[in-house]
Structures are given as structure tokens and as C-alpha cells.
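Please read the structure below before turning to the comments.
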2 protein chains.
Amino acid sequence: MKVSSRGEYALRALIALGLQEGNVSTIADISGQTLVPAAYLEQILLQLKMLGYLKSRRGKKGGYMLAKAPDQIVIGEVIRSLEGPLAPMGCVSITSYEACPLEGTCLLKPFWALIRDSIAQLLDQTTLAHLIERKL
Amino acid sequence: MKVSSRGEYALRALIALGLQEGNVSTIADISGQTLVPAAYLEQILLQLKMLGYLKSRRGKKGGYMLAKAPDQIVIGEVIRSLEGPLAPMGCVSITSYEACPLEGTCLLKPFWALIRDSIAQLLDQTTLAHLIERKL
DNA sequence: TCGATACCTGAGTATGTTAGTCAACATAAT
DNA sequence: ATTATGTTGACTAACATACTCAGGTATCGA
Ligand code: FES
Ligand code: FES
């Protein structure tokens, strides 16, 4: 049930940028604060930009900043974009359902569904603003 | 947040055996019921045996059966044995803690802890008996 | 006792994922 | 023009996953 380093790093970066409120931060800055290797962080920031969470300015005095208000950035969506569905099995995923062979009689499916609901509810009701303001 | 096929297969096998209550089942039988490739299932059953969930009889008329009552088999423990800690990050794992570099100031840690608690509570309060009797 | 039927053991393999690195390029400010 | 920045795409090492397979060993029934 681990979350990958990529997902963790993305959230760290979003938090770092959220705390800057308005100012641009260079990759090197963010790398310093988050302890994520700069070259790897680069990839992740780019992806977050394509997903619409960040905007960037090139050249001297360039850098990254949030493209949305922190309370508009839902953690569940970020994780889904970076690591795929939250559900533990394809057959209980709402966002990307995939059939199981035993599905008709499977005694596990309702259980997986319970887990999915529990995780998804938590992640989808938490925003970047909640994390930054320590209001969970 | 996916659970691996190994974990899923193990649970399928435990359910199949739980429904047999007392009778031994051969690997081929279980494979037929669970649709898990027999050679792979063999590995998994062996592991479940070493972990104390199953016992076996060799030779003709041999096979596997549960070593414990279904209400003594906690799903959380099975998953942990097969796939490692339930926690999404090492720094919030109770059973196998691992330090994070940012741990002092990290705004994510309390959030991961919440997720861990939610998952662990669900998995640790569910037993094989609950699955078999459809009482979740 | 013999042989068939099971489980047991350990090695091997194909495929994919993760966690990065690196070189070269494009753009904006000074 | 120079320099500081983001951009792009390819590349790699290491590991995990999902299996297969070739034997070995115990047990039952005839
Ligand atoms: S786990 Fe998907 S149907 Fe059983
Ligand atoms: S995630 Fe472990 S301390 Fe931040």
C-alpha cells in the first residue's frame, strides 16, 4: 500500500510552493527545501504543470508557482494523476474500472470496496490548503 | 495503492479453504476454484503454511486445510506478511518504522498517519470469518 | 513393496516499474 | 551577448512482480 517517491515528492513540492504564496521559486530552491534531486524534481514539476497545478516562467528570474489556489488542489486528484487509481483492485475502482474473472461470486470485492471508499474519501476531501494550514 | 496479485491470490485461497471447513483440498482444486495458476499458487500456499495459517498433508489423499479457525485469521496480518507494511510511508508505519529526512517539519506526515490509521483499522478488524459470512 | 499422487524445494525468467541521470535545447532578463 | 533559468527526450541501473520448471520427498492404497 506504499505511495511512490514520485507522489511524495510532488506533494512536497506543492507544499513548498504553497508556502511561497505568489513568489516564483526556482527548481534549485524547491530541491533545496524538499531534498528531492533537482534533475528528478524537474520531471515532476513539469508533469504538475501539464496537469494544470503549476505555471512557470522561463529564463532569468524564472521559476514555478501555483496555478490554482491551494484550496482548489485536491490531494486525491494529484495522487491519482501521478500514481493511478486509489482503489486497491481494478474491480472496485470508480475512475478506472477493470473486470475481475471471479467478480460474480467474489467474497473479496465488497471488502476492497470498503477500503477504496475509506481511502478515497480521505484523499478527496483534503486539499493543499488543509495540509499547509495543518487543518486535517 | 494497489494490492499485488500475490496478496489477492492468498486471500482467495484462504477463502476457498475456509469454505471447505475441515476437508483437505488439493492445490489443483484450489487452483480451479480461484483461477490462480497452480504452480504459482503452490508457492503462495507454502508461504501461508510457513506463516501458520495452513497445514498440509503430503502424498496421496493429501492437500491443504486451514490451521486456525477463520475468526482467528486477521486480514491485516495476512496482507502485512505478504506485502509488507500497510502504511503509505515508512515514517508512519507502526510495524516497520523508517525515518524520513524532513520528519521534523513535514506537513505530510500527519496526513499519511491518518491514511495509515484508516487502512489499518479496517484491515485489522476484519477476519476471514467476516469475509466468508459476508459480515463486514 | 510398489507406484501413483500429492506436497516441497530452489532455481530461473520475462516483463514491467521505480528512481533516477544526462545532454542538448529554448527563452527571458540584464 | 551572456547567463540564468525552464524544456525535451533519451537513457540506465536496480528492483519487484508474476510467473514457470525440474527435480525431490512423503504418504496412501493395492
Ligand atoms: S477481487 Fe475483483 S472480483 Fe474479487
Ligand atoms: S513523509 Fe515522512 S516525514 Fe514527511
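Chain letters run A, B, ... following the sequence lines, proteins first, then strands; residues in each count from 1.
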Using a strict heavy-atom distance below 4.0 Å, which residues from [range] are in contact with DNA chain C?
range                      : result
residues 78-109 of chain A : none
residues 41-59 of chain B  : B/E42, B/Q43, B/L46, B/K49, B/S56, B/R57, B/R58, B/G59
residues 7-14 of chain A   : A/Y9

Pairs where residues 37-66 of chain A contributes a residue and the test salt bridge (charged side-chain N to carboxylate O under 4.0 Å, His left out) is met, not counting sequence neighbours
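Sorted pair list comes back empty.
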
In the hydrophobic clustering (ILVMFWY, side-chain contacts below 4.5 Å, transitive), which residues join A/V24, or is it alone?
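Hydrophobic cluster check, A/V24: joined to A/M65.
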
Could you list the cluster mates of A/L35? Members are the ILVMFWY residues connected by side-chain heavy atoms closer than 4.5 Å, either directly or through other members.
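B/L102, listed by chain and number.
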
Please list, by residue number, the residues of residues 16-26 of chain A whose heavy atoms come closer than 4.0 Å to an atom of DNA chain D; answer none if no residue qualifies.
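Here the set is A/S25, A/T26.
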
According to side-chain contact (heavy atoms from CB on, under 4.5 Å), who are the partners of A/A113, at least two apart in sequence or on a separate chain?
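Scan of A/A113 (side-chain contact (heavy atoms from CB on, under 4.5 Å), adjacent residues dropped) gives A/V92.
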
Check side-chain contact (heavy atoms from CB on, under 4.5 Å) between B/Q121 and all other residues, then give those that pass, not counting sequence neighbours.
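B/Q121 satisfies side-chain contact (heavy atoms from CB on, under 4.5 Å) with B/Q125 only.
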
Of all nucleotides in DNA chain C with an atom under 4.0 Å from a non-hydrogen atom of chain B, which is the first and which the last going 5' to 3'?
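Nucleotide range in contact with chain B: C/dT5 to C/dA11.
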
Donor-acceptor pairs are to be reported for all side-chain atoms of residues 66-76 of chain A against protein atoms at under 3.5 Å, with residues two or more places apart or in another chain.
none

Side-chain donor-acceptor contacts of residues 8-18 of chain A below 3.5 Å, not counting sequence neighbours, with atom names and distances?
residue, atom, partner, partner atom, Å
A/E8, OE1, B/W112, NE1, 3.0
A/E8, OE2, A/R12, NE, 3.0
A/E8, OE2, A/R12, NH2, 3.3
A/R12, NH1, A/T34, O, 2.6

